[in-house]
Amino acid sequence: MPATDNKTLAPQRWEALRALIRDRGVIRVEDLRRELRVSAATIRRDLDELERRGGIRRVHGGAMSVESRLDEPLFADKRSLAAREKRRIAEVAAAMVAAGDTIYLDGGSTVLELARLLRDRTNLTVVTNSLQAALELSGRGPRLIVIGGELRRLSQTLVGPLTRLVLGELHLDKAFMGTIGFALEEGLTTTDPSEAFTKQLVMRQARQVILLADSSKAGKVSFARAGSWDEVHVVVTDRQVDGAFARELAKKGPRLVRA
């Protein structure tokens with residue numbers, strides 16, 4: 001099909017553009033040109049117009065979505081999503097844990113995979129707000145500290161201002177964090193402000209913050225901001241993460257590791 005710049009098709013083309021960007025989180029101009037079979041100049045003009053209208057943000061060589069407002073699935077459902085990628089991410093994270101470390105395990109299914117890999121490590125101290133992680137480590141393994149707080153049943157975590165009573169007294173070597181979504185400008189986001197409060201508190205108490213998140217969360221934005229990139233030292237994701245997104249993220253500061 002030959003490329004066309006027919007302006008009468010602009011509204012339909014804009015809708016197709018928005019859908020592609022929303023689905024992929026971040027995408028290159030060249031990929032959009034190939035998908036829609038129009039010129040690169042047309043794509044760039046369309047992206048400028050969509051950015052003006054809201055819903056996307058231009059990045060070097062392409063665009064990213066700011067429309068992806070995520071609802072949070074049930075914890076049991078999350079465990080079955082991208083299971084292989086989460087396991088690989090957890091294996092990379094486990095290799096970052098040194099003997100004698102005091103680490104924090106956040107809520108989330110990827111961090112839970114890490115907890116399972118630490119069950120035989122007796123030379124650690126684990127601090128967590130995750131009931132699922134605590135259950136995994138309750139029978140054997142590291143010294144375990146469970147923080148107090150309000151139970152958030154959806155994520156099976158303890159969250160909110162009461163978590164400050166314990167977290168404010170602790171110094172953490174490494175904090176392994178989960179997230180509902182992570183985007184270039186918005187940083188880490190989650191669906192619940194109380195959970196965001198606790199995540200931000202943890203990140204301030206840790207010498208090193210390591211985000212564990214599979215690539216399906218890249219470019220996605222949820223309701224509440226839970227951390228900025230200047231607070232994150234390492235991002236461990238999978239090899240499916242978009243290359244353009246990865247390059248832009250590296251400019252924000254954190255080291256990117258692809259499991």
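All residue numbers in this chain count up from 1 along the given sequence.
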*Is Lys251 salt-bridged to Glu248, cutoff N-O under 4.0 Å?*
yes
Task: From CA spacing to verdict: side-chain contact (heavy atoms from CB on, under 4.5 Å), Asn129, Leu167 - done: CA-CA 10 Å; Asn129 73 327; Leu167 287 172; over 6 Å; no
(Q) Before you tell me yes or no, could you show the steps for Ser130 and Leu105 under side-chain contact (heavy atoms from CB on, under 4.5 Å), namely the whole-Å CA-CA distance, both residues' side-chain angles and the distance that decides it to 0.1 Å? (A) CA-CA 7 Å; Ser130 167; Leu105 297 182; 5.9 Å; no
Please examine the side chains of Met96 and Leu114, heavy atoms only from C-beta on, and report whether any two atoms are closer than 4.5 Å.
no
Taken to the nearest 0.5 Å, the spacing of Met177 CE from Glu231 CD works out to 9.5 Å
Hydrophobic cluster identity match, Val146 and Leu170, side-chain contacts under 4.5 Å
no
#### Entry: Cationic N near anionic O, under 4.0 Å, Glu186 to Arg57
yes
**Request:** Please answer: with hydrophobic residues joined when any side-chain heavy atoms are less than 4.5 Å apart, are Ile103 and Val234 in the same cluster?
**Result:** yes
Should Trp229 and Leu188 count as side-chain neighbours, where that means a heavy-atom distance under 4.5 Å?
yes
Nearest heavy-atom approach of Ser215 to Gln240 is OG-CB, 3.4 Å
Say whether Thr110 and Arg88, considering side chains only, have a donor N or O and an acceptor N or O under 3.5 Å apart. no
Hydrophobic cluster membership, Leu162 vs Leu201, 4.5 Å side-chain cutoff
no
- Message: Quick check: is Leu118 connected to Ile210 through a chain of hydrophobic side chains (ILVMFWY, heavy atoms under 4.5 Å apart)?
- Response: yes
Original post:
Would a 4.5 Å heavy-atom cut-off, applied to side chains only, mark Arg87 and Leu117 as touching?
Top reply: yes
Of all heavy-atom pairs linking Asn123 and Ala99, the shortest is ND2-CB, 3.2 Å
task = Decide yes or no on side-chain contact (heavy atoms from CB on, under 4.5 Å) for Leu32 and Asp46, but give the supporting numbers first.
result = CA-CA 11 Å; Leu32 290 168; Asp46 287 349; over 6 Å; no
- Message: So that I can tick it off, tell me whether Arg116 and Glu136 are bridged by a salt bridge, with the cut-off set at under 4.0 angstrom between side-chain N and carboxylate O.
- Response: yes
Item to complete: Would you check, one step at a time, whether the test side-chain contact (heavy atoms from CB on, under 4.5 Å) holds for Val236 with Phe176?
Response: CA-CA 10 Å; Val236 186; Phe176 293 93; over 6 Å; no
Original post:
Under 4.5 Å between side-chain heavy atoms, hopping through other hydrophobics if needed: is there a path connecting Leu212 to Met203?
Top reply: no
Sequence neighbours excluded, the answer for side chain to side chain donor-acceptor pair (under 3.5 Å) partners of Thr128 is none
d(Leu50 CG, Ile56 CD1) to nearest 0.5 Å is 5.0 Å
The ring-ring contact (aromatic ring centres under 6.0 Å, His included) partners of Phe245 (sequence neighbours excluded) come to Phe182
- Does Lys252 come within less than 4.0 Å of Glu185, counting only side-chain N to carboxylate O? yes
Between Thr190 and Asp192: side-chain donor-acceptor atoms closer than 3.5 Å:
no
Would you call Tyr104 and Gln205 a side-chain contact if the rule is heavy atoms closer than 4.5 Å? no
Is Asp120 paired with Arg140 through a side-chain N to carboxylate O contact shorter than 4.0 Å?
-> yes
Check whether any side-chain heavy atom of Arg58 lies under 4.5 Å from a side-chain heavy atom of Asp48, and answer yes or no.
yes
**Within-4.5 Å side-chain heavy-atom neighbours: Glu150 and Leu158** = no
Q.
If you apply the rule salt bridge (Lys or Arg N to Asp or Glu O under 4.0 Å), what do you find for Lys86 with Glu113, and how did you get there?
A. CA-CA 7 Å; Lys86 290 174 181 178; Glu113 285 296 323; over 6 Å; no
Exercise for review: Taking only Lys NZ, Arg NE, NH1 and NH2, and the carboxylate oxygens of Asp or Glu, determine whether Arg34 and Glu30 approach each other closer than 4.0 Å.
Suggested key: yes
Judged by modelled atom types alone, do Thr198 and Glu195 share a side-chain donor-acceptor pair under 3.5 Å? no
Between Ala16 and Leu36 the two heavy atoms that sit nearest each other are CB-CD2, 3.9 Å
One should read off an interatomic distance between Arg13 CZ and Arg18 CZ, to the nearest 0.5 angstrom, of 14.5 Å
For Arg119 and Pro142, the nearest pair of non-hydrogen atoms, with its separation, is O-CD, 4.4 Å
- Query: More than 12 foreign heavy atoms under 6.0 Å from CZ of Arg225: is that the case here?
  - Reply: yes
Rounded to the nearest 0.5 angstrom, the OG1-CD1 distance for Thr191 and Ile180 is 5.5 Å
Are Leu47 and Trp14 side-chain neighbours, meaning at least one heavy-atom pair lies under 4.5 Å? no
In this structure, CZ of Arg255 is separated from CG of Leu249 (nearest 0.5 Å) by 12.5 Å
Less than 4.5 Å apart, any side-chain heavy atom of Leu124 and any of Thr102? no
Counting only N and O atoms by type, is there a donor-acceptor contact under 3.5 Å from the side chain of Thr125 to the main-chain atoms of Arg143?
-> no
Here the pair of heavy atoms bringing Arg121 nearest to Val97 is NH2-O, 2.7 Å
Closest heavy-atom pair, Ser155 versus Thr157, reported as atoms and distance to 0.1 Å, is OG-OG1, 2.5 Å
message: Regarding Lys199 and Asp106, does a basic nitrogen lie under 4.0 Å from an acidic carboxylate oxygen?
response: yes
Quiz item: Any donor and acceptor pair, going by atom type alone, linking the side chain of His233 with main-chain N or O of Pro254 inside 3.5 Å?
Solution: no
So CG of Asp242 and CZ of Arg247: to nearest 0.5 Å the spacing works out to 7.5 Å
